[in-house]
Novice: 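Pasting a structure here, questions to come.
No hydrogens, no waters, no symmetry mates; every other heavy atom, side chains included, goes into these values. Just so it is clear, the structure is predicted and the values come from calculations on it, not from any experiment.
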Amino acid sequence: MVHCRCRRYSRHLRYGNFVDNIRLYVRGGSGGMGLPRLGGLGGNGGDIWVVAKKDITLKQIKDKHPNKRFTAGVGSNSSIHALRGAKGEDSQVFAPVGISVTTDDGRILGELNCEGDNLLVAKGGHGGSLHSGFLPSKGQTRQIRLDLKLIADLGLVGFPNAGKSSLLTALSHAKPRIASYPFTTLRPEIGKVMYDDHKQVSVADLPGLIEGAHINKGMGHKFLKHVERTKQLMFVVDICGFQLASNTPFRSAFETVLLLNKELELYNEELLGKPAILVINKMDLPEAQGRLRDLETHLENQEESSHLFPEDVIPKSLMRFTHVVPVSATTGLGLPLLKSLIRQSLEEQNIIETDGQRSERLLKLRREIPTSSIPSWGISQPT
């Protein structure tokens with residue numbers, strides 16, 4: 001086999017200070033003292049709430065609160081001037097939309113999916129009363145984790161040297177720093193694709209995948225965890241094929257597609273249900289057009305073509321791509337079309353999801369309406 005003159009393996013990857021989870025200490029306020037001689041009630045302690053807010057990131061929380069501790073106000077003591085003590089001030093933790101909140105042992109407390117959603121994570125103590133001998137109780141104390149469920153609209157999936165970092169730079173304002181060795185970090189680089197009408201689409205360049213990622217080779221599980229947190233996937237494949245090292249087999253572009261498909265399938269078959277675009281990169285290299293024709297033939301006949309390759313690279317279920325786009329991140333070839341198709345694909349998904357959510361809400365509403373409240377006009381009543 002004659003390989004086209006592809007660049008030798010060199011991982012172009014360095015990720016910024018993106019934070020996708022954070023651990024916080026939260027403590028509800030203690031209650032206030034009661035007043036035994038007058039039967040006064042102490043005020044309850046304040047509560048801790050996590051509140052979803054736009055334009056907030058977990059990194060901002062980490063930077064603004066380096067000790068990561070949140071404590072609510074103490075309830076006021078009962079006095080002759082105010083027999084009922086005032087409630088302590090609540091404390092709010094503003095967090096990004098799209099997070100799950102769990103305890104240290106993994107128990108899910110709740111999810112914040114829309115702006116304004118809030119979740120009580122630490123309740124304040126009770127104020128002193130007759131039942132407690134007018135002594136207050138302490139507020140609830142716990143460690144919680146905020147875990148970002150969705151990190152980007154689109155996640156770039158590809159083996160090292162597919163040109164993902166270059167593609168992200170060409171599509172957006174992200175500028176990943178370069179490293180000469182693979183898998184330098186677990187953190188994805190997030191870029192924003194800007195459109196003329198000011199619409200923005202977020203794209204995550206994820207740490208490079210390798211064969212065996214599903215069994216946690218390299219940074220397999222960390223990578224695949226990030227894949228779960230994107231709305232759609234974008235497979236990025238080198239038209240010249242891929243070889244990780246001199247002692248590993250060379251993979252053609254079609255084999256690369258099959259392998260990426262298989263790694264996702266072995267980790268979590270549900271990932272294959274995400275909408276996906278296939279980007280064929282490095283179309284500026286020699287022999288690229290001929291190799292593209294071969295790849296297109298294989299993609300049009302995936303079931304038949306997959307049997308030509310070793311069983312260990314063939315997935316059980318073949319991913320169907322919404323679009324196949326040849327590009328060159330270096331020259332800009334195909335990038336305007338790719339940007340247009342990215343937006344089109346996301347908008348189509350949003351329409352489908354919105355219609356589905358509307359149907360679910362309508363069905364839920366119908367279930368909640370008691371049968372007795374449904375008008376019986378026109379229905380003959382038994383005599």
Side-chain angles (χ1 to χ4, degrees), residues 1-4 6 154-164 167 206 208-215 217-218 220 223-224 226-228 230-244 248-283 285 287-327 334 337-338 341-342 344-346 348-349 352-353 356:
M1 181 185 293
V2 178
H3 301 164
C4 64
C6 300
L154 206 67
L156 302 183
V157 178
F159 289 128
N161 215 35
K164 294 188 294 94
L167 183 61
L206 307 171
L209 191 62
I210 62 171
E211 294 181 46
H214 69 280
I215 55 174
K217 281 188 180 179
F223 167 86
L224 292 162
H226 290 315
V227 172
E228 290 179 306
T230 60
K231 285 184 181 179
Q232 298 193 7
L233 304 178
M234 184 187 293
F235 281 41
V236 183
V237 172
D238 186 335
I239 187 59
C240 296
F242 169 70
Q243 185 173 17
L244 180 65
T248 59
F250 173 83
R251 305 295 191 184
S252 68
F254 183 63
E255 277 183 285
T256 304
V257 173
L258 294 177
L259 273 170
L260 291 171
N261 191 155
K262 188 175 180 70
E263 288 298 336
L264 297 186
E265 177 185 82
L266 290 172
Y267 175 74
N268 182 355
E269 285 189 46
E270 292 181 8
L271 293 176
L272 302 185
K274 286 180 180 284
I277 296 173
L278 175 59
V279 175
I280 313 301
N281 196 19
K282 305 187 182 179
M283 288 302 299
L285 296 179
E287 304 178 33
Q289 289 298 332
R291 291 182 176 275
L292 178 61
R293 287 192 291 272
D294 292 341
L295 175 59
E296 287 173 337
T297 300
H298 286 312
L299 289 172
E300 288 169 4
N301 305 277
Q302 284 195 59
E303 285 82 0
E304 295 82 358
S305 296
S306 61
H307 296 303
L308 302 174
F309 299 94
E311 287 187 12
D312 62 335
V313 305
I314 302 174
K316 288 188 297 183
S317 301
L318 295 168
M319 180 166 270
R320 300 298 175 183
F321 298 101
T322 55
H323 305 285
V324 179
V325 191
V327 306
L337 174 61
L338 177 58
L341 292 175
I342 287 172
Q344 176 186 321
S345 183
L346 286 166
E348 288 171 352
Q349 183 182 2
I352 292 170
E353 289 179 349

Novice: Would Ile342 and Met234 count as a side-chain contact (heavy atoms from CB on, under 4.5 Å) here? Give the steps.
Specialist: CA-CA 9 Å; Ile342 287 172; Met234 184 187 293; 3.3 Å; yes
Novice: Could you walk me through whether Cys240 and Lys282 pass the side-chain contact (heavy atoms from CB on, under 4.5 Å) check?
Specialist: CA-CA 8 Å; Cys240 296; Lys282 305 187 182 179; 5.6 Å; no
Novice: Considering non-hydrogen atoms only, spot the tightest contact between Glu255 and Pro310 and give its length.
Specialist: OE2-CD, 4.2 Å
Novice: Just verifying a value: how many Å separate Ser345 OG and Gln232 CD, rounded to the nearest 0.5 Å?
Specialist: 3.5 Å
Novice: Check the pair Thr256, Asp238 against side-chain contact (heavy atoms from CB on, under 4.5 Å), reporting the backbone distance first and the verdict last.
Specialist: CA-CA 8 Å; Thr256 304; Asp238 186 335; over 6 Å; no
Novice: So which heavy atom on Lys231 is nearest to which on Pro275, and how close?
Specialist: O-CD, 3.9 Å
Novice: Any donor-acceptor pair under 3.5 Å linking the side chain of Glu265 with the backbone of Leu272?
Specialist: no
Novice: Once rounded to the nearest 0.5 Å, what's the spacing between atom CG of Leu292 and atom CG of Leu299?
Specialist: 9.0 Å
Novice: Side chains of Phe242 and Leu259, heavy atoms from C-beta outward: is any pair under 4.5 Å?
Specialist: no
Novice: Phe254: which residues meet the ring-ring contact (aromatic ring centres under 6.0 Å, His included) condition with it, sequence neighbours left out?
Specialist: His298, Phe309
Novice: What pair of heavy atoms forms the shortest contact from Leu258 to Pro315, and how long is it?
Specialist: O-CD, 3.9 Å
Novice: By the salt bridge (charged side-chain N to carboxylate O under 4.0 Å, His left out) test, which pairs, at least two apart or in different chains, include something from residues 296-309?
Specialist: Glu303-Arg320
Novice: Return the OG1 to CD1 distance between Thr322 and Ile277, rounded to the nearest 0.5 Å.
Specialist: 4.5 Å
Novice: Which heavy atom in Lys164 sits nearest to a heavy atom in Val236, and how many Å separate them?
Specialist: CG-CB, 3.8 Å
Novice: Taking all atoms of both residues into account, what is the closest heavy-atom pair of Asn261 and Met319, and its distance?
Specialist: OD1-N, 2.7 Å
Novice: I need the Lys262 NZ to Leu318 CG distance, nearest 0.5 Å.
Specialist: 10.5 Å
Novice: Is it true that the side chains of Glu269 and Ser317 contain a donor and an acceptor less than 3.5 Å apart?
Specialist: no
Novice: Roughly how far, to the nearest 0.5 Å, is the CG atom of Leu285 from the CE atom of Met283?
Specialist: 9.0 Å
Novice: Could you check if a side-chain atom of Thr230 sits within less than 4.5 angstrom of a side-chain atom of Leu154, using non-hydrogen atoms only?
Specialist: no
Novice: Nearest 0.5 Å, please: how far is CG in Leu271 from CD in Glu263?
Specialist: 11.5 Å
Novice: What closest approach, in Å, do Val237 and Val257 show between heavy atoms, and which atom pair accounts for it?
Specialist: CG2-CG2, 3.8 Å
